[in-house]
Amino acid sequence: MLERLGLMPTQASTVSGDVDALYLSLVGLSLVFSLGIAAALAYFAIAYRRRSEAHEAEQIHGSLALELVWSIIPFTIAMGIFIWGASLFVTLKRPPDNALEIFAVGKQWMWKLQHLEGRREINALHIPVGRPVKVTLTSEDVIHSFFVPAFRVKQDAVPGRYSTVWFEATKTGSFHLFCAEYCGTEHSGMIGTVTVMEPDDYQDWLSAEMAGGMAGTAQGDDPLSVAAAGGELFRGLGCHTCHRQTAGALGPSLTELFGSQVSLRGGRTVLADEAYLRESIVDPRAKLVDGYQPVMPTFQGQVSEEGLMQLVAYIKSLAAEQDS
Ligand code: CUA
């Protein structure tokens with residue numbers, strides 16, 4: 001009903017209903033308490049007013065029953081909200097394993113998005129309906145925020161780190177994409193459209209790129225997948241001269257790296273995830289792998305954020321090949 005009145009955006013993802021239920025319950029609870037307190041205030045002001053000059057108030061010194069009631073009820077309500085909110089938060093923060101991957105870079109003032117197969121978009125995102133989609137976000141300059149009201153998801157894109165957001169669209173159609181973090185003069189113009197398509201239409205749309213590109217893509221003539229582009233970059237930057245599989249290589253082999261536990265100097269271990277790979281490229285000395293010298297130069301400023309995402313995708317693909 002709120003949707004039809006224009007008070008709420010369309011519900012178009014698997015979590016929309018859950019987010020709305022929590023939100024409306026909190027609003028409802030606040031209303032019940034606000035109105036109850038206001039009513040009690042008015043009632044007490046009248047019922048216990050001073051009736052004459054000689055009228056003395058009756059003093060009450062403690063009531064265990066009353067204190068228990070006003071402690072236990074709010075505690076129960078607060079814990080209920082916490083558990084409800086936390087479980088929804090966990091759902092929102094954990095992308096399913098089979099999610100489609102999209103890379104997104106925010107920059108003043110546009111969203112640059114890339115599909116794993118290589119298709120690029122600016123301020124537009126095409127996705128299939130009924131399939132979880134995981135977006136890995138970062139920023140080239142300042143903090144932006146990826147906000148799709150119809151999906152009830154919003155996630156900051158922070159320079160220097162990766163964050164993720166996931167959703168599964170339940171309806172086909174076009175939905176607003178906003179930047180929800182004030183990021184400069186044209187922040188209000190940093191908007192786009194998420195187009196949800198039937199899976200077959202999505203496949204056609206993806207392969208339209210391979211057939212020679214379409215208007216609206218940044219590099220329409222580039223049919224390389226993200227990982228393949230990362231591979232070219234990897235060789236172009238000369239990474240393979242040190243990261244070899246042969247004995248005595250200057251850098252550790254990267255073939256089975258992604259998803260593994262890496263032993264660092266000093267005895268610590270770290271999970272080789274996207275953030276670790278990115279950090280090791282821009283700041284190689286932050287986490288030194290046990291048994292190797294700190295000889296790798298930093299690539300900070302030499303590789304764009306999109307390039308970093310491609311390199312990460314390439315290194316991920318090396319591990320995936322080993323699995324299969
Ligand atoms: Cu980007 Cu606001």
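Note that the structure is predicted; figures quoted are calculated from it, not measured. Every number for a ligand or one of its atoms is a count from 1 in the order of the listing.
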Open item on the list: Could you go through K316 and E101, starting from their C-alpha distance and side-chain angles, then the distance that decides it, and tell me whether this counts as salt bridge (charged side-chain N to carboxylate O under 4.0 Å, His left out)?
Closed with: CA-CA 12 Å; K316 276 172 84 169; E101 282 206 61; 2.9 Å; yes
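- In this structure, the side chains of P128 and M197 stay at 4.5 Å or more apart for every pair of heavy atoms.
- If you look at E181 and ask which of its N, O or S atoms sits nearest atom 2 (Cu) of ligand 1, the answer is O.
- S139 contributes atom OG, which lies 7.5 Å from atom CD of E305 (distance to the nearest 0.5 angstrom).
- Among the backbone and side-chain atoms of H144, no N/O/S atom is found under 2.8 Å from atom 2 (Cu) of ligand 1.
- Heavy atoms of other residues, nucleotides or ligands lying less than 6.0 angstrom from CZ of R51 number more than 12.
- Angle subtended at atom 2 (Cu) of ligand 1 by H187 ND1 and C179 SG: 120°, rounded to 10 degrees.
- Rounded to the nearest 10 degrees, the angle SG (C183) to atom 1 (Cu) of ligand 1 to SD (M190) equals 110°.
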